[in-house]
Amino acid sequence: MTGAAVCEDTMSDRGPEAGAAAVYIEQLAHYVGERVTIRGWVAGTRSSGKVRFLIVRDGTGLVQGVVTADSGPGAFEAVGSLPIEAAVEVEGLVRADDRAPGGVELSLGRVLPVHVPEEEYPIAPKEHGVGFLMQHRHLWLRGRKQVPVLRVRDGALWAMRRFFKERRFVATEAPILVSTSVEGTTTLFSIDYFGQPAYLSQSGQLYLEATCAALGKVYWIGPVFRAEKSKTRRHLTEFWMLEAEVAFLEHEGNLQLQEDLVRYVAQYVAEEHGDDLEVLERDPNVLLAAVKEPFPRIAYADAVELVRCAGVDMEHGEDLGAPAEDVLSRHFGRPVFVERFPIGIKPFYMKRCADAPACALCADLIAPEGYGEIIGGSQRVDTQAELEAQLAEAGVPQDPYAWYVDLRRWGSVPHAGFGLGVERTVAWLCGIPHLREAIPFPRMLDRLAP
RNA sequence: UCCCCGGUAGCUCAACAGGCAGAGCGGCUGGCUGUUAACCAGUAGGCUGGAGGUUCGAAUCCUCCCCGGGGAGCCA
């Protein structure tokens, strides 16, 4: 049986003059003993006199090619002259070799440069400062640790979609251009919309509340924008949010849904992205242990006590700051729900606890290892009178929210939902310290390019 | 918006108390038949972020500006 029969995913656009089948590096183990073509970029070269080594990456992995003077016409010389990040097409015999990190390497027979850079590649195989790397983000993406992060991101997003598809949620959309804010406190990016003020959406939630009354169970994954001048490892001005909203779902079911989702995504990544996590030196068992059920829960009031006992100064009624979240994160060592926040620090649309009108029927999910809040969710206000009262209490003008109030006018039902920060989740899964590496082109305070 | 740190070769950083601007990596040249960010030898590479000031003399001290990093608040 040939490798091609094992794996059909070969590249197809090969001309008639082409030699061995072009395959991706991640499939090479299926092709031991066969001649294949790899197309990619030079990640590095080494030489030991009469033997030269060429490291090629193609987005799916890295493989080392070996050439000697008798390897093939011009191959030895070509490898000697290729600079880092040259684009190449190489053909060779796949060999199993214990010395190779991936278990296989390539005895090269033919080395065809596709593009040979004339200038020195700015990113050398050594440590660089963050500022320099961010200025070269368009190239930094090719880095040995950047590629697996983006692959894990893809895996996490795929797992989210699959989770909701399995549960028969409908994927839908919310607008990016909006005329009102979702949460009055947050700063919005304003734009000129044909002479009328408009904003970039900071959340699709209000719209999902409308959509869920049409479709029952909905979710969306999209970009949202926060114009806060935050300058920390946990903030981006443009980030992706997964939001879900379910009709007839109440607080308890909401938390269960969130917990199931986070567990599903973490297990998927731990099981399907072992190679990527290994490059990132992230132990999948840490993730699997973290998401064992059930996630601990703590009431806000108790969380405050716990935080104060740990020596972090905070008042009842204040929101959880970063140091407070770190205390909870360390104390539980797993994702933890903080429930029943005081209404004063939560937005107007949250329903209040039946037994405690001063508490919102909500929960934040704090990720382990100091990654901060990855989910904020709540059961929503479902009567017109309550909503109007809470809008007034929050000092929010009613007019722009007339349509939102309408949702409570016709067939209003109990409903709940949440928003999950994609980059924070990906950063946690990967074990990387800063959100900026969890998205291809991060937007931050003072960083709009590349 | 506030607090802290930094800006010297392509990159990462040295340069004591103001006194000849240096190293490693990367590049280039040469050597080595199994290297894993290989190793060895040689070589090129600088308006010390900008403007002003103090001084016989400034990378070094002072003022302002620009840029970057870390953190806080707020949030996901």
Side-chain angles (χ1 to χ4, degrees), chain A residues 43-55 62-71 76 79-81 83-84 95 97-102 105 107 117-136 140 143-145 182-188 202-205 223-243 258 314 318-326 345-347 364-367 371-377 418-428 433-436 438-439 444-447:
Chain A
T45 58
R46 282 184 289 269
S47 169
S48 178
K50 301 290 189 295
V51 185
R52 284 175 180 165
F53 304 94
L54 178 71
I55 316 297
L62 291 161
V63 70
Q64 173 166 273
V66 187
V67 281
T68 56
D70 55 2
S71 283
F76 186 71
V79 170
S81 67
I84 198 164
R95 269 189 305 101
D97 193 315
D98 291 340
R99 291 169 293 189
E105 65 176 23
S107 293
E118 289 170 15
E119 291 163 63
E120 186 186 337
Y121 190 63
I123 301 177
K126 59 160 298 189
E127 73 276 14
H128 290 281
V130 169
F132 174 82
L133 290 170
M134 282 307 303
Q135 277 163 18
H136 295 84
W140 185 26
R144 252 170 229 229
K145 292 204 171 180
V182 173
E183 306 174 25
T185 57
T186 324
T187 322
L188 294 155
Q202 59 189 184
S203 163
Q205 182 206 309
V224 293
F225 308 86
R226 302 281 164 93
E228 285 156 349
K229 299 202 169 174
S230 302
K231 198 167 155 40
T232 84
R233 75 182 69 190
R234 297 195 269 223
H235 291 87
L236 300 171
T237 53
E238 173 183 311
F239 65 96
W240 285 65
M241 194 142 77
L242 161 69
E243 295 182 280
Q258 294 167 38
M314 85 170 277
E318 277 180 18
D319 207 348
L320 261 32
E325 286 181 354
D326 286 346
I345 52 174
K346 287 294 174 187
D364 286 354
L365 183 67
I366 313 292
Y371 284 92
E373 181 189 343
I374 53 172
I375 293 181
F418 61 91
L420 173 146
V422 170
E423 287 74 18
R424 284 186 183 177
T425 303
V426 171
W428 165 58
H434 202 298
L435 246 53
R436 67 183 153 226
I439 183 170
M444 296 174 288
L445 186 64
D446 299 327
R447 181 118 264 150

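Here is how names work: the chains are called A, B, and so on, in the same order as the sequence lines, proteins then strands, and each is numbered from 1.
Residue contacts shown for A/Glu423 are absent, as no nucleic acid heavy atom lies under 4.0 Å away. At the heavy-atom level, A/Ala322 lies under 4.0 Å from the strands shown only through sugar-phosphate atoms. In this structure, A/Ser47 reaches the bases: a heavy-atom distance under 4.0 Å links it to at least one base atom across the strands shown. At the heavy-atom level, A/Asp364 lies nowhere under 4.0 Å from the strands shown. Counting any heavy atom pair closer than 4.0 Å across all strands shown, A/Gly129 reaches sugar-phosphate atoms only and no base atom. Using a 4.0 Å heavy-atom cutoff across all strands shown, A/Pro323 reaches sugar-phosphate atoms only and no base atom. At the heavy-atom level, A/Gly321 lies under 4.0 Å from the strands shown only through sugar-phosphate atoms.
Rounded to a whole angstrom, the distance from the C1' atom of B/C11 to that of B/G45 is 13 Å. To the nearest whole angstrom, the two C1' atoms, one in B/G31 and one in B/U35, are 15 Å apart. Between B/G22 and B/A44, the distance separating the two C1' atoms is 16 Å to the nearest Å. Between B/U1 and B/C13, the two C1' atoms lie 33 Å apart (nearest whole Å). Between B/C67 and B/G30, the distance separating the two P atoms is 45 Å to the nearest Å. Rounded to whole Å, the C1' atom of B/C74 lies 41 Å from the corresponding atom of B/A37. For the C1' atom pair drawn from B/G70 and B/U63, the interatomic distance equals 26 Å after rounding to whole Å.
Ring orientation note: the planes of A/His128 and A/Phe132 are close to parallel, at an angle under 30° on the 30°/60° scale.
Atom-to-atom distance recorded for A/Leu435:CG and A/Met444:CE is 9.5 Å, nearest 0.5 angstrom. For the atom pair CD of A/Glu105 and CD1 of A/Ile55, the computed distance is 9.0 Å after rounding to the nearest 0.5 Å. Here the CG atom belonging to A/Asp70 is positioned 12.0 Å from the NZ atom belonging to A/Lys50, to the nearest 0.5 angstrom. Atom CD in A/Glu423 sits 8.5 Å away from atom CD in A/Glu238 (nearest 0.5 Å).
Residue A/Arg436 places at least one side-chain N or O under 4.0 Å from the OP1 or OP2 atom of B/G70. OP1 or OP2 of B/G69 sits under 4.0 Å from a side-chain N or O of A/Arg447. Residue A/His136 places none of its side-chain N or O atoms closer than 4.0 Å to OP1 or OP2 of B/C11.
For A/Leu445 and B/A72, the CG to P distance is 14 Å, given to the nearest whole Å. Counting to the nearest Å, the C1' atom of B/C11 and the CD atom of A/Glu120 are 9 Å from each other. Put simply, CG on A/Leu133 is 12 Å from C1' on B/G69, counting in whole angstrom units. Rounded to a whole Å, the CG atom of A/Leu62 is 15 Å from the C1' atom of B/U35. Atom-to-atom, CD of A/Glu228 to C1' of B/G73 comes out at 9 Å; the value is rounded to the nearest Å. Counting to the nearest Å, the P atom of B/C74 and the CE atom of A/Met314 are 9 Å from each other. Separating the CD1 atom of A/Ile345 from the C1' atom of B/G73 is a distance of 14 Å, rounded to the nearest angstrom. If you measure from atom CD of A/Glu119 to atom C1' of B/C11, you get 16 Å, rounded to the nearest angstrom.
Minimum heavy-atom separation, A/Phe418 to A/Gln258: CD2-CG, 3.4 Å.
A side-chain N or O of A/Gln64 and one of A/Arg46 form a donor-acceptor pair less than 3.5 Å apart.
Here A/Phe53 does not lie in a stacked arrangement on the base of B/G34, lacking the combination of planes under 30° and ring centres under 5.5 Å apart.
Every side chain to side chain contact (heavy atoms under 4.5 Å, CB included) that A/Phe76 has, sequence neighbours left out, goes to A/Arg52, A/Val67.
Side-chain to base pairing of A/Ser230 with B/C75: no donor and acceptor N or O lie closer than 3.5 Å to each other. A donor-acceptor contact under 3.5 Å is formed by the side chain of A/His235 with the base of B/C75. Side-chain N/O atoms of A/Glu105 and base N/O atoms of B/G34 include a donor-acceptor pair closer than 3.5 Å. Between the side chain of A/Arg46 and the base of B/C32, no donor-acceptor pair under 3.5 Å is found.
One finds a salt bridge joining A/Arg234 and A/Asp326 here, because a Lys/Arg side-chain nitrogen approaches an Asp/Glu carboxylate oxygen to under 4.0 Å.
With RNA chain B read from its 5' end, the first of the two nearest nucleotides for A/Gly131 and A/Thr232 is the one closest to A/Gly131. Along RNA chain B, the nucleotide nearest to A/Ile375 and the one nearest to A/Asp446 differ in position, and the one closer to the 5' end is contacted by A/Asp446.
In RNA chain B, runs of at least 3 stacked Watson-Crick or G-U pairs (N1-N3 plus N6-O4 or O6-N4, or N1-O2 plus O6-N3, all under 3.5 Å) give these stems: B:1-7 with B:66-72, B:10-13 with B:22-25, B:27-31 with B:39-43, B:49-53 with B:61-65.
The side chain of A/Phe239 sits closest to B/A76 out of B/G34, B/A76, B/G73.
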